[in-house]
Amino acid sequence: MKILYFYPENPFVLNQGNNARAFALLQYFKSKNHEIDYIGIASKSFSEVDLESIKKADLIDNGFLLKKDKRISKTFAYLFSYAIPNKLKGRIRDFDRTRFGHKTQFSKILKDNQYDYIVISYAYWAELIRKNKHLKNAKLIIDTHDFLTSQFQNQKRFNLGKYFNKEIELLNLFQKVWVISSDENYIFSQFVSSDVITIPHTLEAKFQLNSTKKYDLVYVASSNEHNVKSAKWFFEEVYPKLNPNLSICVVGKINEHIPELPNVTKMHFVEDLNQVYSESRVAICPMLSGTGLKIKVVEALSFGLPVVCNPRGIDGLINKTNNGCLVTEDAAIFAKYIEQMLTDEYFYQQQQTLSKNFFVNYLSVESVYSALDNVFK
């Protein structure tokens, strides 16, 4: 089976949840011995060298990077074939990240190859396949990654009906719609005529990697606006209420927004998160906003770590209770849950068992691969 997989970023940069998901899907494809062609978007952080690294890792057979056409000689072609038509059609620019030259390059790849399936990541890039005459009856799959309409709700020009209608219109261009969470399945399945299938993020279970614990808490996050706001809340409202002797490890670009604090170890980047997770007792996921399944929660559960989080932290989990996550919006209770987990061994083991059982039943490789097998059977 030959599959074309489009994902715009470098899946080897695993400090972002969306990249980790793309990497996990590539691992699945190759585990089934499918022939995989990969298309990304050229950028400062995604070059031909990076593409060659993915190929050398035996995750893809062929790789391509789409480049924005900047030649001056193409100016009039750009205006009359791309910019002006888009303006006249009243397209919502937020839902189209293609740039001049992308569609032409993508179509050439399709023209030169025959694919059984074409998997596109994000509705932002659905225009790559709209009215494309080189699809050759390939089955079309969109991996949504997120409920995009919600991402724009704070913009001045945001109109809920207009944005949601556009998102549904784009999803209906595909035969199958993958969602990462049960919550998004519920929303999209009410309006999309295509098959909506929940494909959660998956990881190998690593419950017994390290019995020596170096950190009481581990917090992994990038520096997007949702994490910045949430980290500010945690370190201003929760941190002062914790035992000052607790050791906290913070990993990721979120450290750019966190001051130097006692007993807080800041790691802006680590090659392998496995060691940090395996050396930690409890994971935290303060999330005040944002949508979709939180990859950092899946990562923590894959190590059998209990999680303390806000309600947004359990978005997308098929079970909202008995899953190893303690949930609250109250800063004092958040701190209390952490203290209880670290001082009451029986309570800790109860939560740890719940996290392991939930992961095995719903997020393990065996569970998610079975769902993917049903797609490609």
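The shortest heavy-atom contact between Ser53 and Phe12 is O-CE2, 3.8 Å. Minimum heavy-atom separation, His201 to Val368: O-CG2, 4.4 Å. Summarising the geometry of Leu135 relative to Asn132, their closest heavy-atom pair is CG-O, 3.3 Å, with the distance given to 0.1 Å.
Here the side chain of Asn323 pairs a donor or acceptor atom with the backbone of Asn319 at under 3.5 angstrom. Ser194 places no side-chain N or O within 3.5 Å of a backbone atom of Val177 that could act as its donor or acceptor partner. Checked by atom type and distance alone, the side chain of Glu236 never pairs as donor or acceptor with a backbone atom of Trp233 at under 3.5 Å. Remark: side-chain polar atoms of Glu279 are not paired, donor with acceptor, to backbone N or O of Lys214 under 3.5 angstrom. Distance alone, capped at 3.5 Å, places no donor-acceptor pair between the Ser107 side chain and the Thr104 backbone. Between the side chain of Tyr7 and the backbone N or O of Asn18 there is at least one donor-acceptor pair closer than 3.5 Å. In terms of modelled atom types and a separation under 3.5 Å, the side chain of His102 and the main chain of Arg99 share a donor-acceptor contact. Side chain of Gln351 to backbone of Cys325: no donor-acceptor contact under 3.5 angstrom is found. With hydrogens and angles disregarded, a donor-acceptor distance shorter than 3.5 Å links the side chain of Ser355 to the backbone of Gln352.
Looking at Asn137, Leu110, Ile3 one by one, the single match for side-chain contact (heavy atoms from CB on, under 4.5 Å) with Tyr115 turns out to be Leu110. For the ring-ring contact (aromatic ring centres under 6.0 Å, His included) with Phe152, the qualifying choice from Phe147, Tyr163, Phe158 is Tyr163, the only one to do so. Each of Lys320, Arg312, Lys294 was scored for a salt bridge (Lys or Arg N to Asp or Glu O under 4.0 Å) with Asp183, with one residue passing: Lys320.
Inter-residue side-chain proximity for Glu52 and Asp50 is flagged as unmet; no heavy-atom pair is nearer than 4.5 Å. A heavy-atom distance below 4.5 Å is found between the side chains of Val298 and Leu293. Two residues are said to be in side-chain contact when any heavy atoms from C-beta on lie closer than 4.5 Å; Phe235 and Val250 meet this criterion. With a 4.5 Å cut-off on side-chain heavy atoms, Val196 and Leu171 do not count as touching. At a threshold of 4.5 Å between non-hydrogen side-chain atoms, the residues Tyr28 and Val365 do not count as touching. Side-chain contact between Asn310 and Ser230 is absent, with no heavy-atom pair separated by less than 4.5 Å.
Ion pairing of Glu127 with Arg97 is absent here, as no side-chain N (NZ or NE/NH1/NH2) approaches a carboxylate O to less than 4.0 Å. Remark: Asp61 engages Lys30 in a salt bridge, criterion side-chain N to carboxylate O under 4.0 Å. For Asp143 and Arg21, the salt-bridge test passes: some basic side-chain N is under 4.0 Å from an acidic carboxylate O. A salt bridge links Asp112 with Lys108: the closest approach of a Lys/Arg side-chain nitrogen to an acidic carboxylate oxygen falls below 4.0 angstrom. Ionic pairing of Asp330 and Lys336 is not present here: no N-O contact between side-chain nitrogen and carboxylate oxygen is shorter than 4.0 angstrom. Salt-bridge annotation for Lys176 and Asp195: present, with a side-chain N of the basic residue lying under 4.0 Å from a carboxylate O of the acidic one. Ion pair Glu48/Lys67 flagged as a salt bridge, since at least one NZ, NE, NH1 or NH2 atom sits closer than 4.0 Å to an Asp/Glu carboxylate oxygen.
Side chains of Asp96 and Thr98: a donor on one and an acceptor on the other come within 3.5 Å. A donor-acceptor contact closer than 3.5 angstrom links the side chains of Asn227 and Lys296. Tyr369 and Asn374 form no side-chain donor-acceptor contact under 3.5 Å, judged by distance and modelled atom types alone. A donor atom on one side chain and an acceptor atom on the other are not found under 3.5 Å apart for Tyr38 and Asn62. Between the side chains of Ser193 and Asn172, a donor-acceptor pair is found at a separation under 3.5 Å. For the residue pair Ser289 / Lys229, a side-chain donor-acceptor distance below 3.5 Å is found, with atom types taken as modelled.
Of the inter-residue distances, the one linking Asn185 atom CG with Gln190 atom CD reads 9.0 Å to the nearest 0.5 angstrom. How far CG of Asn10 is from CD1 of Ile41: 13.0 Å, rounded to the nearest 0.5 Å. To the nearest 0.5 Å, the span separating CG on Leu317 from CG on Leu301 amounts to 7.0 Å. In this structure, Gln349 CD and Leu354 CG are separated by 12.0 Å, a value rounded to the nearest 0.5 Å. Note that the CD1 atom of Ile39 and the CG atom of Leu51 stand 10.0 Å from one another [nearest 0.5 Å]. We find the OG-CG distance between Ser222 and Asn255 to be 11.5 Å, quoted to the nearest 0.5 Å.
Remark: Phe234 pairs with Phe334 by the ring-ring contact (aromatic ring centres under 6.0 Å, His included) rule, at least two apart or across chains.
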### Task
Begin with the C-alpha distance, continue with both residues' side-chain angles, and end with the deciding distance and a verdict on ring pair (Phe, Tyr, Trp, His ring centres under 6.0 Å) for Phe191 and Phe164.
CA-CA 10 Å; Phe191 301 96; Phe164 185 66; 5.0 Å; yes
### Query
Should Val270 and Met267 be marked as a side-chain contact (heavy atoms from CB on, under 4.5 Å) after you check the CA-CA gap, both sets of side-chain angles, and the distance that decides it?
CA-CA 7 Å; Val270 295; Met267 299 181 181; 3.5 Å; yes
### Message
One pair to check against ring pair (Phe, Tyr, Trp, His ring centres under 6.0 Å): Phe106 and Phe64. What are the steps and the verdict?
### Response
CA-CA 9 Å; Phe106 187 84; Phe64 310 90; 9.7 Å; no
### Message
For Val218 and Val282: C-alpha separation, side-chain torsions, deciding distance, then whether side-chain contact (heavy atoms from CB on, under 4.5 Å) applies.
### Response
CA-CA 6 Å; Val218 59; Val282 176; over 6 Å; no
### Task
Applying salt bridge (Lys or Arg N to Asp or Glu O under 4.0 Å), run through Lys241 and Glu339 and close with a yes or a no.
CA-CA 10 Å; Lys241 297 178 174 62; Glu339 293 286 355; over 6 Å; no
### Message
Apply side-chain hydrogen bond (donor to acceptor under 3.5 Å, both in side chains) to residues Ser302 and Glu299 and explain how you reach the verdict.
### Response
CA-CA 5 Å; Ser302 75; Glu299 289 173 342; over 6 Å; no
### Message
The test is ring pair (Phe, Tyr, Trp, His ring centres under 6.0 Å); show your working for Phe207 and Phe303 and say whether it passes.
### Response
CA-CA 5 Å; Phe207 297 153; Phe303 284 86; 8.6 Å; no
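Heavy atoms from other residues, nucleotides or ligands lying under 6.0 Å from NZ of Lys136 number more than 12. For Lys266, the NZ atom counts as densely surrounded, since its 6.0 Å shell holds more than 12 non-hydrogen atoms of other residues, nucleotides or ligands. Surrounding NZ of Lys2 are more than 12 heavy atoms belonging to other residues, nucleotides or ligands, all under 6.0 Å away.
Relative orientation of the Trp125 and Phe6 rings is tilted, given thresholds of 30° and 60° on the angle between their planes. A parallel orientation is assigned to the rings of Tyr122 and His145, their planes being inclined by less than 30° (bins at 30° and 60°).
Cation-pi check for Lys166 over Phe95 is not met; the charged atom does not lie both under 6.0 angstrom from the ring centroid and within 45 degrees of its normal. Geometrically, Arg281 does not engage Tyr215 in a cation-pi contact defined by less than 6.0 Å to the ring centre and at most 45° from the axis.
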